[in-house]
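Please read these numbers as outputs of a predicted model, since none were measured by experiment. Just the heavy atoms: all of them, side chains too, but no hydrogens, waters or symmetry mates, feed the values below.
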Amino acid sequence: MPDNGEKEQKELTNQLKSAYRKFKTYTYYDNYGAINRGKIANFETKESLNANDDFFKRLAEDLTDERKRKRLLRRLSRRINVLCYPKSIRTRSKDKSMLGNIPEDCDKIEKLNYFIDLDVESHILGALWILRSGWILDHRLHKNCHGNRINKEVLAKIESSEKDGKRYSEPTPFLFEPYFKRYQVWRDKGLDTVEKLLEKEENAIMLSLDFKEYYYTSTINFEKLKNDIDTAKSKLFETSNDDLDPFEKELDEFLLEYIETIFKVYTGKFERNNYDISDLPMIPIGFLPSLIISNWNLQAFDQAILDIINPAYYGRYVDDMLIVFKSHPESGSFSKEQLDVTVEEIIRKYFIPHNLDEDEN
């Protein structure tokens, strides 16, 4: 009979294999996954994954030993980097008869996109965190949140496994819902709401808004994140954090510490850029836990929209929002000049903060 340590390592090895397969599948369908696809190819060649599972066994062994976990954290955190890609280019050339990837002297890069650069091993640990803890954050999200949602079938199986006192490790390749399906649902629900209002001969206004540079300006409080995970698990499984197996608890705490370390190191790479960096880390693009955490971070905003504004429809797809309002009877106290305004003027006046001194000039 294997002892508890061997059993833990075997179960963890299976979880790691499942996490890797899900990261690999996500990368295959990711529009920006070219760099990671190359890394996966090199990784599989180096580790000979088709021949054996030695890599996952070694990683599981590292994760079940406290000293090895600390060394793993130091080793992987030193390899974190940032990749920059042009997002938009402005050209002053009047003749653009030829297209190419060689910029002209008159071309200027207006915006950059920044993606985190990690080892495959780090991505595996990120996917493992989602399967062990991060899923609980997605489980609590409101139905109005459409982007970056965990596959419903996988989510149900994870919850069922947890309730049975096990850890999910099925080899199902898909972790997230296909982005194009969720996008269509998000968009079509907004349009359907407008159509139904018009059928009732009611006017409707649809606002399309987004958070400017959300990933680069948003910050994450990991202490609050940890508390929310613990609270959600306690409510869902009717247990306290003290009831958890000591090893399982230590491993989950380590994984969250590792996620926080990645966020912090990534944020530190921007100290010389024009971003107003606070003491809290911002969200790295290109890291699977970021998809979960970016949605979790906007829960309060979603609830405020629903409770305070109470629109006919509200839906958010990552950092893009659709809000549908139905019309109300006009008040006789308004003058025609007050009512004759554009949506852009309403947004500028009521939604965008601006300097009072500028208004006076």
Task: Separation of K212 NZ from D210 CG (nearest 0.5 Å) - done: 9.5 Å
Open item on the list: Within the structure provided, determine whether F55 and K46 are in side-chain contact (heavy-atom separation under 4.5 Å).
Closed with: no
Task: Reported CG-to-OG1 distance for the pair L280 and T267, which is rounded to 0.5 angstrom - done: 9.5 Å
- [ ] Kindly determine whether W129 and L288 satisfy side-chain contact (heavy atoms from CB on, under 4.5 Å), including the steps that lead there.
- [x] CA-CA 9 Å; W129 174 80; L288 289 184; over 6 Å; no
TODO: Look up atom CG in L256 and atom CG in L225, then write down how far apart they are to the nearest 0.5 Å.
DONE: 5.5 Å
- [ ] Decide yes or no for E260 and I220: does some side-chain heavy atom of the first lie under 4.5 Å from some side-chain heavy atom of the second?
- [x] no
TODO: Would you give the length of the straight line joining atom CD1 of I285 to atom CD1 of I116, rounded to the nearest 0.5 angstrom?
DONE: 10.5 Å
Open item on the list: When you compare the side chain of D119 with that of L76, does any pair of heavy atoms fall below 4.5 Å?
Closed with: yes
- [ ] Report yes or no: do F176 and L141 belong to one cluster of Ile/Leu/Val/Met/Phe/Trp/Tyr joined by side chain heavy-atom distances under 4.5 Å?
- [x] no
Open item on the list: For residues Y179 and Y28: do they belong to one hydrophobic cluster (side chain heavy atoms under 4.5 Å, members Ile, Leu, Val, Met, Phe, Trp, Tyr)?
Closed with: no
Open item on the list: Distance alone, cut at 3.5 Å: any donor-acceptor contact between the side chains of T27 and N36?
Closed with: no
Task: Carboxylate-amine/guanidinium proximity below 4.0 Å for K163 and E159 - done: yes
- [ ] Give a yes or no on whether the backbone of L291 and the side-chain of S294 come within a donor-acceptor separation of less than 3.5 Å.
- [x] yes
Open item on the list: Looking at every heavy atom in both L255 and L125, which two are closest together, and how far apart are they?
Closed with: CD2-O, 4.2 Å
Task: Electrostatic pair E248:R132 at N-O distance under 4.0 angstrom - done: yes
Open item on the list: Is the distance between the ring centroids of Y85 and Y32 under 6.0 Å?
Closed with: no
TODO: Would you please classify the geometry between the Y317 ring and the W186 ring as parallel, tilted or perpendicular, with 30° and 60° separating the classes?
DONE: tilted
Open item on the list: Run the ring pair (Phe, Tyr, Trp, His ring centres under 6.0 Å) test on F222 and F263 for me, step by step, so that the C-alpha distance in whole Å, both residues' side-chain angles and the decisive distance to 0.1 Å come before the verdict.
Closed with: CA-CA 10 Å; F222 272 86; F263 274 54; 5.2 Å; yes
Open item on the list: Let me check something: do I309 and L306 share a hydrophobic cluster, defined by ILVMFWY side-chain heavy atoms less than 4.5 Å apart, either directly or through other members?
Closed with: yes
TODO: Please tell me if the side chains of S133 and K233 come closer than 4.5 Å, counting only heavy atoms from C-beta onward.
DONE: yes
Task: Check ion pair R167-E11 (N to O, under 4.0 angstrom) - done: no
TODO: Using a strict cut-off of less than 4.0 Å between a Lys/Arg side-chain nitrogen and an Asp/Glu carboxylate oxygen, indicate whether D230 and K226 qualify as a salt bridge.
DONE: yes
Open item on the list: Is there a path of hydrophobic side-chain contacts, each under 4.5 Å between heavy atoms, that joins L322 and I308?
Closed with: no
Open item on the list: Tell me whether Y183 at atom OH has more than 12 heavy atoms from other residues, nucleotides or ligands lying less than 6.0 Å away.
Closed with: no
Open item on the list: Show me the pairs that pass salt bridge (Lys or Arg N to Asp or Glu O under 4.0 Å) and involve residues 20-43, at least two apart or across chains.
Closed with: K24-E44, K39-D117
Task: Any side-chain heavy-atom pair of Y314 and M321 under 4.5 Å - done: yes
Task: N144 vs I305 side-chain heavy atoms within contact, under 4.5 Å - done: no
- [ ] Could you pull out the closest heavy-atom pair between P289 and I130, with the gap in Å?
- [x] N-CD1, 4.0 Å
- [ ] Compute the ring centroids of Y20 and F43, then answer whether they are less than 6.0 Å apart.
- [x] yes
- [ ] Give, for atom NZ of K57 and atom OG1 of T13, the distance between the pair rounded to the nearest 0.5 Å.
- [x] 7.5 Å
Open item on the list: Using 0.5 Å steps for rounding, measure from the CD1 atom of I124 to the CG atom of L118.
Closed with: 11.5 Å
Open item on the list: Can you classify the ring geometry of F254 versus Y258 as parallel (below 30°), tilted (30 to 60°) or perpendicular (above 60°)?
Closed with: parallel
Task: Minimal non-hydrogen separation, K152 against E177, with atom names - done: N-OE2, 3.1 Å
TODO: Keeping to residues at least two apart or across chains, list the salt bridge (Lys or Arg N to Asp or Glu O under 4.0 Å) pairs with something in residues 295-310.
DONE: D302-R316
TODO: State plainly whether the residues D192 and K196 are in salt-bridge range, i.e. N to O under 4.0 Å.
DONE: no
- [ ] Give the intermediate values and the outcome of side-chain contact (heavy atoms from CB on, under 4.5 Å) for residues V120 and F23.
- [x] CA-CA 9 Å; V120 170; F23 162 65; 4.2 Å; yes
Open item on the list: Restricting to non-hydrogen atoms, name the atom on V194 and the atom on A204 that form the minimum distance, rounded to 0.1 Å.
Closed with: CG1-CB, 4.2 Å
Open item on the list: So does I292 get a backbone contact from the side chain of D138, meaning a donor-acceptor N/O pair under 3.5 Å?
Closed with: no
Open item on the list: For the NZ atom on K157, are there more than 12 heavy atoms of other groups (residues, nucleotides or ligands in this structure) within a distance under 6.0 Å?
Closed with: yes
Open item on the list: Using modelled atom types and a 3.5 Å cut-off, is there a donor and acceptor pairing between side-chain atoms of N227 and backbone atoms of E223?
Closed with: yes
TODO: Kindly say whether K166 contributes a backbone atom to a donor-acceptor pair with the side chain of D164 at under 3.5 angstrom?
DONE: no
Task: Any L175 side-chain heavy atom under 4.5 Å of T25 side chain - done: no
Task: Working for side-chain contact (heavy atoms from CB on, under 4.5 Å), residues L12 and Q9 - done: CA-CA 5 Å; L12 186 53; Q9 286 192 23; 5.7 Å; no
Task: Where S18 and L131 come nearest, the two heavy atoms and their spacing - done: OG-CD1, 4.0 Å
TODO: Determine, using the 4.5 Å side-chain heavy-atom cutoff (strictly less than), whether L209 and F325 are members of one ILVMFWY cluster.
DONE: yes
Task: side-chain contact (heavy atoms from CB on, under 4.5 Å) evaluation trace for T261 with K264 - done: CA-CA 5 Å; T261 299; K264 286 182 176 178; 5.8 Å; no
Open item on the list: Taking H146's backbone N and O only, do any of them form a donor-acceptor pair with R182's side chain (distance below 3.5 Å, no angle check)?
Closed with: yes
TODO: Could you tell me which non-hydrogen atom of S77 sits nearest to which non-hydrogen atom of L73, and how far apart they are?
DONE: OG-O, 2.9 Å
Task: Side chain proximity check, M206 to T193, heavy atoms < 4.5 angstrom - done: no
Task: Step-by-step salt bridge (charged side-chain N to carboxylate O under 4.0 Å, His left out) determination, R58 to D62 - done: CA-CA 6 Å; R58 291 196 304 270; D62 288 346; over 6 Å; no
Task: With Y114, the ring-ring contact (aromatic ring centres under 6.0 Å, His included) member among F287, Y266, Y216 - done: Y216
Task: salt bridge (charged side-chain N to carboxylate O under 4.0 Å, His left out) partner of E61, the single match among R71, R69, K68 - done: K68
